[in-house]
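So the structure is just underneath, and the comments pick up after that.
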Amino acid sequence: MSASSCTVGLPQMKDYVLTESLGTGTYATVYKAVHKGKQKGVVAVKCIKRSRLTVSSMENLLTEIKVMKQLQHEHIVQLSEFEWDTNYIFLIMEYCSGGDLSNFIRSRNTLAEVEAKYFLQQLGTFSYNIFSPCLHVCAMRVTVIGLCV
Ligand SMILES: Nc1ncnc2c1ncn2[C@@H]1O[C@H](COP(=O)(O)OP(=O)(O)OP(=O)(O)O)[C@@H](O)[C@H]1O
């Protein structure tokens, strides 16, 4: 889950320039990126190396894409597009500038009751969401990643 601004050897995309790593998960690295035509602004691009995908991680990925395409909610990160080349599958998502909720909590050691209540109230709005999500602070947005039904 580490972030870095080293751009050497980053995956190349036709329409986006990847600018910095936002973090790494089980089977992908997520980068901040800008649209080359500038119409779409800043996005987060999840880059999945195809050669590292097993049958089960491919199934998880397809589920993730299917679910993210269906969910439209102000507090759920929107998947705008996905594309692929010979080496990578790219999920192009809304960029959450506030970082990762778990890092936020760790950086504070503990949350004040009022802060915990603020986050829990937002989580309470996901009553229809049966997945165990990865959380990123935006106002607060949820990415449905690492699905665990
Ligand atoms: N839309 C986003 N905006 C900003 N940062 C993001 C976004 N999506 C992911 N990240 C960052 O990239 C990191 C890696 O995300 P990724 O989805 O690959 O893995 P994860 O969900 O953290 O873990 P896992 O895949 O193991 O469940 C996250 O921890 C987060 O810090």
Side-chain angles (χ1 to χ4, degrees), residues 1-85 87-109 111 115-116 118-120 122-123 125-126 128-149:
M1 258 213 281
S2 60
S4 133
S5 60
C6 175
T7 58
V8 177
L10 296 190
Q12 300 296 310
M13 295 181 73
K14 188 165 67 71
D15 295 327
Y16 292 89
V17 179
L18 306 185
T19 59
E20 66 184 90
S21 163
L22 296 169
T24 300
T26 310
Y27 60 93
T29 299
V30 178
Y31 295 92
K32 188 172 175 181
V34 285
H35 188 247
K36 286 180 182 171
K38 305 236 189 301
Q39 300 98 321
K40 296 180 186 171
V42 177
V43 293
V45 181
K46 183 166 180 165
C47 302
I48 301 124
K49 199 149 198 188
R50 293 174 67 158
S51 61
R52 294 188 56 197
L53 282 176
T54 60
V55 172
S56 71
S57 56
M58 175 60 98
E59 280 170 10
N60 283 345
L61 177 64
L62 292 175
T63 307
E64 178 177 335
I65 292 171
K66 191 172 151 201
V67 171
M68 282 184 83
K69 275 174 64 183
Q70 284 168 2
L71 292 175
Q72 296 203 338
H73 187 284
E74 61 173 325
H75 293 311
I76 297 179
V77 170
Q78 189 70 49
L79 173 71
S80 47
E81 308 161 61
F82 68 96
E83 53 189 66
W84 59 90
D85 65 18
N87 295 317
Y88 290 95
I89 295 169
F90 301 105
L91 304 193
I92 300 149
M93 306 173 274
E94 182 183 2
Y95 168 60
C96 295
S97 59
D100 185 304
L101 181 62
S102 61
N103 287 343
F104 177 79
I105 294 170
R106 271 191 218 105
S107 72
R108 301 289 200 86
N109 253 339
L111 287 185
E115 290 175 313
Y118 172 72
F119 290 132
L120 288 171
Q122 291 188 30
L123 277 173
T125 65
F126 307 124
Y128 68 92
N129 185 359
I130 57 170
F131 304 103
S132 169
C134 159
L135 305 177
H136 302 98
V137 183
C138 205
M140 177 156 121
R141 296 252 163 84
V142 177
T143 59
V144 183
I145 289 173
L147 299 171
C148 173
V149 183

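Remember, it's 1-based here, ligands and their atoms both numbered in the order they're listed. Positions are given from 1, in the same order as the sequence printed here.
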Worksheet item: Which pairs count as ring pair (Phe, Tyr, Trp, His ring centres under 6.0 Å) when at least one residue sits in residues 33-59, sequence neighbours excluded?
Response: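 Found Tyr16-His35.
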Discussion item. Which option wins on minimum heavy-atom distance to atom 25 (O) of ligand 1: Thr26, Thr24, Leu61?
Written reply: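 Nearest option to atom 25 (O) of ligand 1, by heavy atoms: Thr26.
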Practice prompt. With atom 7 (C) of ligand 1 as the reference point, say which of Val30, Val77, Val45 has the nearest heavy atom.
Written response: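 Looking at heavy atoms only, Val30 sits closest to atom 7 (C) of ligand 1.
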Run the numbers for me: atoms of ligand 1, each under 4.0 Å from some heavy atom of [X], listed by number.
X      : result
Ala44  : 1 (N), 2 (C), 3 (N)
Asp100 : 28 (C), 29 (O), 30 (C), 31 (O)
Ala28  : 18 (O)
Glu94  : 1 (N), 2 (C)

Worksheet item: Any Lys/Arg nitrogen of Glu83 or Lys14 sitting under 4.0 Å from an Asp/Glu carboxylate oxygen of the other?
Response: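 So Glu83 does not pair with Lys14 through a salt bridge.
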Nearest 0.5 Å please: distance from the [atom1] atom of [X] over to the [atom2] atom of [Y].
X     : Y     : atom1 : atom2 : answer
Phe82 : Leu61 : CZ    : CG    : 9.0 Å
Leu79 : Leu71 : CG    : CG    : 10.5 Å
Gln78 : Gln72 : CD    : CD    : 4.5 Å
Ile48 : Thr29 : CD1   : OG1   : 9.5 Å

Please check whether [X] reaches ligand 1 - meaning an N/O of the residue sits under 3.5 Å from an N/O of the ligand, judged on distance alone.
X     : result
Lys46 : yes
Tyr27 : no
Thr29 : no

Discussion item. Taking the six-membered ring for Trp, are Phe119 and Phe104 closer than 6.0 Å centroid to centroid?
Written reply: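 Under 6.0 Å, so yes.
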